[in-house]
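Scope of the values below: all heavy atoms of this structure, side chains included, with no hydrogens, waters or symmetry mates. Note that the structure is a prediction, hence the values are computed from the model and not measured. Chain letters run A, B, ... following the sequence lines, proteins first, then strands; residues in each count from 1.
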Amino acid sequence: MAENYSSATRPVRVRFAPSPTGPLHIGGVRTALYNYLFARRHNGTFILRIEDTDRNRFVPGAEQYIVESLKWLGIHFDEGVVNGGPHAPYRQSERKPMYRQYAEELIKRGNAYYAFDTTEELEAMRKRLEAAKVAAPQYNYITRSSMKNSLTLSEDETKKRLDSGEPYVIRIKIPRNEEVRFHDIIRGWVVVHTQSLDDKVLFKSDGMPTYHLANVVDDYLMQITHVIRGEEWLPSAPLHVLLYRFMGWQDMMPQFAHLSLLLRPDGNGKLSKRDGDRLGFPVFPLDWKDPVTGEKSSGYREQGYFPEAVVNLLAFLGWNPGTTQELFTMEELVETFTLDRVSKHGAKFDPEKARWYNRQYLIRKPNEELADIFLQVVKAKGVPENLVNRDYTAKVCGLIKEKAYFTSDFWDIGGFFYIPPAAYDNSVIQKKWNDHLHSFFAKLKHELDNPSCNFTAQSIEAVIKSLAAESGISPGSVMQPFRVIVTGMAAGPALFETMELLGRDEVVKRIDAGLIRIEASSTT
RNA sequence: GGCCCGUUCGUCUAGGGGUUAGGACAUCAGGUUUUCAUCCUGGAAACAGGGGUUCGAUUCCCCUACGGGCUACCA
């Protein structure tokens with residue numbers, strides 16, 4: 001399908017513009033990802049801009065967290081706070097001096113005005129309107145006539161107040177009676193009547209712009225062509241459209257694409273910070289500790305997710321390629337991604353499927369790569385030096401990865417490859433063990449210890465089967481106890497391969513130890 | 001409350017005026033396997049409701065219900 005929004009008239013420039021108020025939410029990551037994919041697909045430029053106009057909500061470390069998260073996921077920027085670029089600075093707090101002139105220009109054009117109302121006065125106004133059962137109490141074309149602003153005050157009075165340094169804000173003057181319409185790439189035409197809009201503050205009394213002004217000014221200056229952002233911005237999009245028009249920038253107005261939100265897996269509502277640890281899945285890309293409260297939130301990276309898996313599963317939350325292909329590399333996503341296949345409705349996050357995605361990537365990873373990861377854990381467990389070995393560990397990984405969802409599962413599944421079982425799964429022993437098995441294993445040990453058995457998976461299997469037949473025992477009844485003796489567990493990777501990898505000496509040792517241990521526990 | 005956006009299996013979704021409404025995760029059954037898992041085969045499972053428009057609506061329109069977002073000198 002042709003995409004007229006990728007028109008050749010302007011090179012594609014998109015931005016991800018988070019606010020450094022805390023760790024980057026997974027929904028924000030998805031927004032960043034879609035922006036990135038869109039930019040790459042159209043050979044465009046991807047910009048990271050930090051929207052830190054609210055000094056009260058600034059959280060130290062949050063910007064660093066955002067940068068690190070996206071880097072981990074392979075979402076790279078062409079311009080922005082890290083790389084710099086032709087439109088630096090990319091931090092709005094550092095762009096502070098640039099905004100005032102635009103707000104004042106708006107006043108000059110009659111599209112904005114000074115307002116001197118105090119917090120208390122605003123509060124009182126809202127109370128009054130609520131008491132009068134006004135449906136939508138707001139600072140608008142009606143109420144502004146009874147407030148303290150440059151529309152109600154005389155020119156002299158306004159000037160006097162400004163000169164005396166009285167705090168003021170600049171508000172947009174929403175036109176009284178018209179329809180604002182714009183075309184959203186994902187939602188089609190969106191129409192809002194100005195009667196439902198209020199005179200939003202554009203410029204705050206602390207000298208900083210609000211999001212609304214800063215975002216429009218920066219998008220204009222940075223020549224942004226497409227604004228791909230969360231649905232929470234949809235209600236204020238008409239305000240932004242008005243701003244472009246009032247500034248005379250309508251030709252430069254970017255196209256909008258409002259993404260639906262990520263919803264929580266259970267019940268209702270959007271995915272929030274709390275849900276993750278409550279429901280047992282991460283809501284953040286990386287671990288985060290709040291610098292003030294000390295509250296910790298866990299991240300995908302530390303939970304053992306691969307960045308490729310996170311990218312893949314996030315891409316599919318609200319987008320699909322229209323084929324049955326489920327697994328996509330970043331490159332494939334770049335080739336395939338289009339905004340017209342992004343769904344309009346919110347998506348509930350599915351932790352099960354997230355795990356499934358990780359597993360798909362885990363299984364496909366080369367054993368050597370997994371070994372490099374697992375070796376870190378192995379080392380930390382203090383295992384014998386000769387077993388802290390990449391080749392051996394790669395083979396271990398090859399055997400155990402099909403049982404795992406995460407590399408962090410590896411130790412629980414395959415720790416016995418490094419340390420003999422400290423305890424047995426007693427349910428198996430109690431259920432399956434009998435005196436015949438005792439003599440069987442004694443004989444088995446003997447045969448396995450014989451050099452005529454070359455101790456490959458195949459030969460081990462042959463020995464067990466023939467010995468079982470000889471002893472009149474079904475092979476099935478010895479396998480479980482044998483597994484427990486060797487690994488301590490009732491379930492695990494293919495046993496014969498496991499034993500081959502463990503090696504003759506170790507297996508023989510474990511049989512000896514097992515016979516002694518089971519003997520001891522049965523006599524007590 | 002007001003405004004805006006949305007609604008296909010439990011979940012993510014495909015589809016689209018006439019289809020056996022497709023796939024994936026999860027789930028169930030059978031098979032393979034020395035165990036668990038994988039894997040294979042199969043099953044159950046959805047167009048929110050009501051009105052239109054139409055020869056025909058799940059698909060287009062309207063209403064209702066439900067869900068979500070916004071409603072700050074926060075983004």
Side-chain angles (χ1 to χ4, degrees), chain A residues 17-21 51-54 56-57 92 115 117-119 122 126 130 133-139 167-171 184 186-188 190-193 195-198 200-212 214-215 229-238 258 260-261 263 265-266 268-270 313 316-327 341 343-357 359 363 400-405 413 425 428 461 464-465 468 474-480 482-484 487 489-496:
Chain A
S19 203
T21 54
E51 311 232 328
D52 56 349
T53 52
D54 185 354
N56 300 321
R57 296 216 305 158
Q92 287 182 331
D117 316 281
T118 63
T119 313
L122 290 170
R126 280 185 203 111
E130 274 167 33
K133 298 256 174 6
V134 171
Q138 52 186 196
Y139 206 118
Y168 67 90
V169 300
I170 296 174
R171 287 180 181 272
D184 186 284
I186 294 171
R187 287 152 204 286
V190 177
V191 184
V192 176
H193 198 99
Q195 289 198 5
S196 67
L197 266 29
D198 61 342
K200 280 267 180 301
V201 170
L202 299 177
F203 196 81
K204 300 187 275 189
S205 59
D206 65 358
M208 279 291 224
T210 60
Y211 169 86
H212 304 295
N215 142 268
R229 76 222 306 191
E231 193 182 15
E232 68 268 29
W233 295 111
L234 197 50
S236 55
H258 288 95
S260 61
L261 270 16
L263 274 18
D266 70 331
N268 311 311
K270 72 172 168 182
L313 73 92
F316 268 66
L317 239 30
W319 172 86
N320 78 87
T323 65
T324 57
Q325 185 180 348
E326 301 273 336
L327 267 21
R341 294 202 66 90
S343 56
K344 296 175 169 68
H345 52 265
K348 280 189 186 170
F349 186 87
D350 183 353
E352 277 305 325
K353 198 155 187 181
R355 286 159 55 77
W356 177 82
Y357 267 112
R359 177 193 188 73
I363 290 167
I400 63 180
K401 69 178 177 182
E402 303 231 335
K403 316 281 164 199
Y405 281 89
I413 297 168
D425 183 324
V428 173
E461 180 172 6
I464 288 178
K465 289 208 165 140
S474 78
S477 65
V478 303
M479 290 307 294
Q480 277 282 81
F482 200 8
R483 176 179 290 284
V484 171
T487 73
M489 295 181 289
L495 231 208
F496 303 122

What nucleic acid atoms does [X] come within less than 4.0 Å of, heavy atoms only: base, sugar-phosphate, or nothing?
{"X": "A:Val201", "value": "sugar-phosphate"}
{"X": "A:Phe316", "value": "sugar-phosphate"}
{"X": "A:Gly318", "value": "sugar-phosphate"}
{"X": "A:Arg171", "value": "sugar-phosphate"}
{"X": "A:Thr119", "value": "nothing"}
{"X": "A:Asp184", "value": "nothing"}

Nearest-Å distance for atom pair [atom1]/[atom2], residues [X] and [N]:
{"X": "A:Arg187", "N": "B:C5", "atom1": "CZ", "atom2": "P", "result": "9 Å"}
{"X": "A:Tyr139", "N": "B:U71", "atom1": "OH", "atom2": "C1'", "result": "17 Å"}
{"X": "A:Lys344", "N": "B:C4", "atom1": "NZ", "atom2": "P", "result": "17 Å"}
{"X": "A:His345", "N": "B:U7", "atom1": "NE2", "atom2": "P", "result": "6 Å"}
{"X": "A:Ile186", "N": "B:G68", "atom1": "CD1", "atom2": "P", "result": "20 Å"}
{"X": "A:Gln92", "N": "B:A75", "atom1": "CD", "atom2": "C1'", "result": "10 Å"}
{"X": "A:Asp54", "N": "B:C74", "atom1": "CG", "atom2": "P", "result": "6 Å"}
{"X": "A:Leu317", "N": "B:C12", "atom1": "CG", "atom2": "P", "result": "8 Å"}

Has the side chain of [X] got a donor or acceptor atom that lies under 3.5 Å from a matching backbone atom of [Y]?
{"X": "A:Arg483", "Y": "A:Ala494", "answer": "no"}
{"X": "A:Ser343", "Y": "A:Gly318", "answer": "yes"}
{"X": "A:Arg341", "Y": "A:Asn320", "answer": "yes"}
{"X": "A:Thr323", "Y": "A:Gln325", "answer": "yes"}
{"X": "A:Arg359", "Y": "A:Ala404", "answer": "yes"}

Would you mind building the protein contact string for nucleotides 19-40 of chain B? One character per nucleotide, 5' to 3', B for base within reach (heavy atoms under 4.0 Å), S for sugar-phosphate only, - for untouched. ----SBS--------BBBBS--

Which letters describe nucleotides 60-65 of chain B, given B = protein heavy atom under 4.0 Å from base, S = only from sugar-phosphate, - = neither? ------

Among [options], which nucleotide has an atom closest to any side-chain atom of [X]?
{"X": "A:Ser343", "options": "B:G2, B:U13, B:C5", "value": "B:U13"}
{"X": "A:Lys348", "options": "B:G2, B:C4, B:C12", "value": "B:C12"}
{"X": "A:Val190", "options": "B:C4, B:C73, B:U13", "value": "B:C4"}

Measure the [atom1]-[atom2] distance between [X] and [Y] for me, rounded to the nearest 0.5 Å.
{"X": "A:Tyr405", "Y": "A:Glu352", "atom1": "OH", "atom2": "CD", "result": "6.5 Å"}
{"X": "A:Ile464", "Y": "A:Phe482", "atom1": "CD1", "atom2": "CZ", "result": "4.5 Å"}
{"X": "A:Glu402", "Y": "A:Ile413", "atom1": "CD", "atom2": "CD1", "result": "11.0 Å"}

Between [N] and [M], how far is it from one [atom1] atom to the other, in whole Å?
{"N": "B:C9", "M": "B:C5", "atom1": "C1'", "value": "24 Å"}
{"N": "B:C61", "M": "B:G6", "atom1": "P", "value": "11 Å"}
{"N": "B:G42", "M": "B:G52", "atom1": "P", "value": "43 Å"}
{"N": "B:U53", "M": "B:C66", "atom1": "C1'", "value": "25 Å"}
{"N": "B:A57", "M": "B:G50", "atom1": "P", "value": "13 Å"}
{"N": "B:C28", "M": "B:U38", "atom1": "P", "value": "11 Å"}
{"N": "B:U58", "M": "B:U32", "atom1": "C1'", "value": "40 Å"}
{"N": "B:C60", "M": "B:A14", "atom1": "P", "value": "14 Å"}

Apply side-chain hydrogen bond (donor to acceptor under 3.5 Å, both in side chains) to A:Asp198 and list each qualifying residue two or more places apart in sequence or on a separate chain.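 For A:Asp198 the side-chain hydrogen bond (donor to acceptor under 3.5 Å, both in side chains) partners, ignoring immediate neighbours, are A:Lys200.
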
Does a salt bridge link A:Lys353 with A:Asp350, judged by any charged N lying under 4.0 Å from a carboxylate O?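 Looking at A:Lys353 and A:Asp350, the cut-off is not met.
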
Any strand is fair game: report the nucleotide pairing with B:G1 by Watson-Crick or G-U wobble, both distances under 3.5 Å, or none.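 Base-paired to B:U71.
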
If B:U27 has a Watson-Crick or G-U wobble mate with both distances under 3.5 Å, name it; if not, just say none.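 B:G43 - that is the nucleotide pairing with B:U27, both distances being under 3.5 Å.
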
For A:Asn320 and A:Pro209, find the nucleotide of RNA chain B closest to each by heavy atoms; which residue's nucleotide sits nearer the 5' end?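 Final value for this comparison: A:Asn320.
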
Residue whose closest nucleotide on RNA chain B lies nearer the 5' end, A:Ala347 versus A:Pro167: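 Residue closer to the 5' terminus by nearest nucleotide: A:Ala347.
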
B:C74 base to A:Arg57 side chain: any donor-acceptor pair below 3.5 Å?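 Check passes, donor-acceptor contact within cut-off.
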
Hey, is the side chain of A:Ser196 pairing donor to acceptor with the base of B:C3 inside 3.5 Å?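 It does not, because no donor-acceptor pair links the side chain of A:Ser196 to the base of B:C3 below 3.5 Å.
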
Please work out whether the ring planes of A:Phe316 and A:Tyr357 are parallel, tilted or perpendicular, with thresholds of 30° and 60°.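 Ring orientation of A:Phe316 relative to A:Tyr357: tilted.
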
A:Leu234 and A:Asp184: side chain to side chain contact (heavy atoms under 4.5 Å, CB included), yes or no, with the steps? CA-CA 9 Å; A:Leu234 197 50; A:Asp184 186 284; 4.3 Å; yes

